[in-house]
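See below for the structure under consideration.
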Amino acid sequence: MMSYIPRSDFLHVMTTRGFIQDCTDLEALDQALLDGVVPGYIGFDCTADSLHVGSLIQIMMLRWLQKTGHKPIALMGGGTTKIGDPSGKDEARQLLTVEKINENMAGIRRVFETYLDFSDGPTGAVQPNNADWLDALNYVEFLRDYGRHFTINRMLSFDSVKLRLDREQPLTFLEFNYMLLQAYDFMELNRRHGVGLQMGGSDQWGNIVNGVDLTRRINGNQVFGLTTPLLTKADGSKMGKSAAGAVWLNADKLSPYEFWQFWRNTLDADVAKFLKLFTELPVEECDRLGSLAGAEINEAKIRLANEVTALAHGADAAAAAEATAREVFEKGGVGEDLPTVELPAGSISVVQLFVQAGLAKSGKDAKRLIAEGGAKLDDAPVTDAGLMVDLDAQIKLSAGKKRHALVRPA
RNA sequence: GGGGGGGUGGCAGAGCGGUCAAAUGCAACGGACUGUAACUCCGUCGGGGAAACCCUACACAGGUUCGAAUCCUGUCCCCCCCA
């Protein structure tokens with residue numbers, strides 16, 4: 001299947017940049033994309049008030065879809081989030097309140113606004129909420145009209161279900177229904193917006209195929225599914241953790257500087273891949289940068305960090321992050337963009353200083369850091385865990401070589 | 001409804017009356033090496049305290065013991081088999 005060389009701009013970009021894991025019918029989709037505007041959607045759970053790098057590949061895909069002349073649809077799972085997708089999870093997620101879901105939706109909207117163009121027009125992005133149609137469903141009617149198109153036999157064969165059963169983890173009937181609702185979403189979006197394509201991670205394959213089938217049966221329309229590979233780092237670990245935890249795309253959840261650092265610390269072997277997926281640099285340039293040898297690849301990582309940060313937070317934020325990073329790491333100095341905490345002026349213990357600055361999880365953790373020689377105050381190692389510090393000017397704190405923060409008297 | 005198994009630190013998974021803040025592995029963190037890599041190696045890894053030491057913890061609530069993650073009772077939850 002992948003030997004087929006697509007002619008449409010969108011699929012050309014997707015294949016050459018490594019976005020595609022699987023497609024229900026690559027050739028037919030290619031033709032549809034050539035024939036006219038294809039509205040395509042990706043569903044997002046509203047489990048948090050922001051999205052993180054785990055969703056970035058999907059976001060970039062929507063962005064490319066729009067850039068290549070089609071209509072991106074970021075579907076908010078306001079309805080399905082009430083249920084919880086069992087895919088790839090061992091346990092049912094805790095159910096969120098409707099208020100929390102709506103709040104999360106607003107935060108996610110802010111992410112999309114930086115990546116997509118929401119203006120009116122045939123290729124303007126839209127962000128519908130599936131609660132708009134799912135909430136109104138009548139149980140018995142739904143079962144009669146749609147339930148009959150799903151066999152338990154087939155549903156049990158899906159990985160998301162099998163995995164749970166094999167691992168002897170409970171799968172509730174509530175979650176079991178998730179896939180029906182997601183299939184219904186596709187059909188409904190096809191009906192409402194003429195949506196012809198659903199994209200998602202490879203873990204969504206089963207759900208997507210169900211939607212393709214249901215849309216064909218109910219609406220009589222051929223629609224397509226496209227999945228992205230599961231992203232892992234070259235060392236096999238999961239992508240998406242920074243020193244500060246999840247790598248959020250909203251600046252109020254993770255500062256642009258820390259976001260920049262996350263990309264700066266990409267593994268050598270991942271540089272080319274990440275450049276293709278997360279930046280819009282020409283493919284040849286991505287390959288060239290990724291193949292730089294030895295210490296030279298550091299410049300490629302800086303380029304990667306700059307490009308990705310510019311997309312998420314703007315070019316100015318990226319430049320500021322880079323300036324701070326160069327100041328801190330290359331000159332051992334201080335940069336404005338370092339995480340900063342304001343504390344009441346006066347006497348405070350070093351231990352508290354590290355805890356308050358977020359460089360230590362607890363006092364115990366801070367003491368450990370000091371005992372191990374990893375704690376520094378204005379670049380001077382802290383040797384006495386009982387040290388009292390007089391906070392009357394800005395102090396630079398360091399935990400190890402990479403984590404730095406500033407503390408200022410309020 | 002009946003029978004059996006089980007709930008331990010971020011996760012996985014030992015322990016089955018004291019020497020248990022709890023083996024081991026993974027993750028995480030610090031150090032050496034380096035390129036703010038990778039690999040490897042060393043160390044740390046419940047909370048408070050400068051420290052001696054103290055506190056909270058092995059689903060929850062009681063109980064037996066000088067002493068319980070380990071025994072007993074009740075409650076909740078999970079898994080498997082039968083009906």
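Everything numeric here is computed off the predicted structure, so don't read it as measured data. Chain identifiers are assigned alphabetically (A, B, ...) following the order of the sequence lines, protein sequences preceding nucleic acid strands; residue numbering begins at 1 within each chain.
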Original post:
Any side-chain donor-acceptor pair under 3.5 Å between A/Ser347 and A/Asp390?
Top reply: no
**OP:** Go through the structure and list residues passing salt bridge (Lys or Arg N to Asp or Glu O under 4.0 Å) with A/Arg63, not counting sequence neighbours.
**Re:** A/Glu280
Subject >> A/Asp30 side chain to A/Pro6 backbone, donor-acceptor under 3.5 Å >> reply: no
**OP:** In whole angstrom, give the distance that lies between atom CZ of A/Phe259 and atom P of B/U36.
**Re:** 22 Å
Every protein N/O lying under 3.5 Å from an N/O of nucleotides 40-42 of chain B:
none

**OP:** Ignoring hydrogens and angles, tell me if any N or O in the side chain of A/Thr228 forms a donor-acceptor pair with the backbone of A/Ile20 under 3.5 Å.
**Re:** no
Original post:
Under a 4.0 Å heavy-atom cut-off, which of residues 319-334 of chain A touch RNA chain B?
Top reply: A/Ala325, A/Phe329
Subject >> A/Arg109 charged N/C atom sitting above A/Phe118 aromatic ring, 6.0 Å / 45° >> reply: yes
Subject >> P spacing across the pair B/C80 / B/C16, given as an integer number of angstrom >> reply: 28 Å
**OP:** Take the protein atom NZ of A/Lys233 and the nucleotide atom C1' of B/A38, then report the distance between them rounded to whole Å.
**Re:** 11 Å
**OP:** Describe the nucleic acid contact of A/Ile297 in one word from base, sugar-phosphate, nothing, applying a heavy-atom distance below 4.0 Å.
**Re:** base
Subject >> Upstream residue (5' side of RNA chain B) when A/Gly363 and A/Thr266 are each assigned their closest nucleotide >> reply: A/Thr266
**OP:** Would you check if there is a donor-acceptor pair between the side chains of A/Asn306 and A/Trp263 at a distance under 3.5 Å?
**Re:** no
Original post:
Which atoms form the tightest heavy-atom contact between A/Met61 and A/Phe10, and what is the distance?
Top reply: O-CE1, 3.7 Å
**OP:** Start with the C-alpha gap between A/Phe329 and A/His404, add the side-chain angles, then the distance that decides, and say whether ring-ring contact (aromatic ring centres under 6.0 Å, His included) holds.
**Re:** CA-CA 10 Å; A/Phe329 287 95; A/His404 307 278; 5.6 Å; yes
**OP:** Could you give the distance separating B/A32 and B/U24 at their P atoms, to the nearest angstrom?
**Re:** 25 Å
**OP:** Counting heavy atoms from C-beta on, name the nucleotide in B/C33, B/G35, B/A38 closest to the side chain of A/Leu267.
**Re:** B/A38
Return the polar atom pairs (N/O with N/O) between nucleotides 24-28 of chain B and the protein under 3.5 Å, or none.
none

Original post:
Rounding to the closest angstrom, what is the interatomic distance between B/A68 and B/U73 at atom C1'?
Top reply: 15 Å
Original post:
Below 4.5 Å, heavy atoms only, C-beta onward: do A/Val351 and A/Lys367 meet side chain to side chain?
Top reply: yes
Original post:
Roughly, in whole Å, what's the span from NZ in A/Lys402 to P in B/U34?
Top reply: 15 Å
Original post:
Rounded to whole angstrom units, what separation is found between the CD1 atom of A/Ile370 and the C1' atom of B/G31?
Top reply: 16 Å
Just the table, please: protein N/O against nucleotides 43-46 of chain B N/O, every pair under 3.5 Å.
unit_1: B/G43; atom_1: N2; unit_2: A/Glu372; atom_2: OE2; d: 2.9
unit_1: B/U44; atom_1: O4'; unit_2: A/Glu372; atom_2: OE2; d: 3.2
unit_1: B/U44; atom_1: O2'; unit_2: A/Arg368; atom_2: NE; d: 3.1

**OP:** Could you check A/Leu369 against A/Ala295 and say which one's nearest nucleotide on RNA chain B is further toward the 5' end?
**Re:** A/Leu369
Subject >> Length of the line joining A/Glu296:CD and B/U36:P, which is rounded to integer Å >> reply: 14 Å
Original post:
Checking salt bridge (Lys or Arg N to Asp or Glu O under 4.0 Å) for the pair A/Arg144/A/Glu141: CA distance, chi angles, key distance, verdict?
Top reply: CA-CA 5 Å; A/Arg144 286 175 59 103; A/Glu141 272 176 31; over 6 Å; no
Original post:
Side chains of A/Gln204 and A/Asn207: do they bring a donor and an acceptor to under 3.5 Å?
Top reply: yes
Original post:
Roughly, in whole Å, what's the span from CG in A/Asp270 to P in B/C39?
Top reply: 12 Å
**OP:** Select base, sugar-phosphate, or nothing to describe what A/Gly294 touches, counting heavy atoms under 4.0 Å on all strands.
**Re:** base
**OP:** Would you classify A/Trp260 as touching base, sugar-phosphate or nothing, given that sugar-phosphate means primed atoms plus P, OP1 and OP2, and contacts are heavy atoms under 4.0 Å?
**Re:** base
**OP:** Ignoring backbone atoms, test whether A/Lys367 places a side-chain nitrogen or oxygen under 4.0 Å from the OP1 or OP2 oxygen of B/G48.
**Re:** no
Original post:
OG1/A/Thr279 to CG/A/Leu289 distance, rounded to the nearest 0.5 angstrom?
Top reply: 8.5 Å
**OP:** Let me know the distance between NZ of A/Lys401 and P of B/U34, rounded to the nearest Å.
**Re:** 10 Å
Original post:
Which value, in whole Å, describes the distance between the C1' atoms of nucleotides B/A51 and B/C58?
Top reply: 29 Å
**OP:** In whole angstrom, give me the gap between the P atoms of B/A22 and B/A28.
**Re:** 23 Å
Subject >> Sidechain-backbone polar pair: A/Asn130 side chain, A/Asp185 backbone, donor-acceptor under 3.5 Å >> reply: no
**OP:** Check whether more than 12 heavy atoms from other residues, nucleotides or ligands sit under 6.0 Å from atom CD of A/Glu336, and answer yes or no.
**Re:** no
Original post:
Just checking, any donor-acceptor pair under 3.5 angstrom between side chains of A/Gln58 and A/Ser55?
Top reply: no
Original post:
Hey, are A/Asn265 and A/Lys402 close enough side-chain-wise for a donor-acceptor pair under 3.5 Å?
Top reply: yes
**OP:** Determine the Euclidean distance between corresponding C1' atoms of B/A59 and B/G48; express it in Å to zero decimal places.
**Re:** 26 Å
Subject >> Distance, P atom - from B/G13 to B/G17, rounded to whole angstrom >> reply: 22 Å
Original post:
Which stems does RNA chain B form, counting runs of 3 or more consecutive Watson-Crick or G-U wobble pairs with both distances under 3.5 Å?
Top reply: B:1-7 with B:76-82, B:10-12 with B:24-26, B:28-32 with B:40-44, B:46-48 with B:53-55, B:59-63 with B:71-75
Original post:
Can you find a side chain N or O atom of A/Arg403 that sits less than 4.0 Å from OP1 or OP2 on B/G30?
Top reply: yes
Original post:
In whole Å, what separates the P atom of B/A69 from that of B/A57?
Top reply: 10 Å
Original post:
Between B/C29 atom P and A/Asp365 atom CG, what is the distance in whole Å?
Top reply: 11 Å
**OP:** Answer with yes or no whether the side chains of A/Gln198 and A/Tyr41 bring together a donor and an acceptor at under 3.5 Å.
**Re:** yes
Original post:
Would you say the side-chain atoms of A/Lys301 pair up with the backbone N or O of A/Thr266, donor to acceptor, closer than 3.5 Å?
Top reply: yes
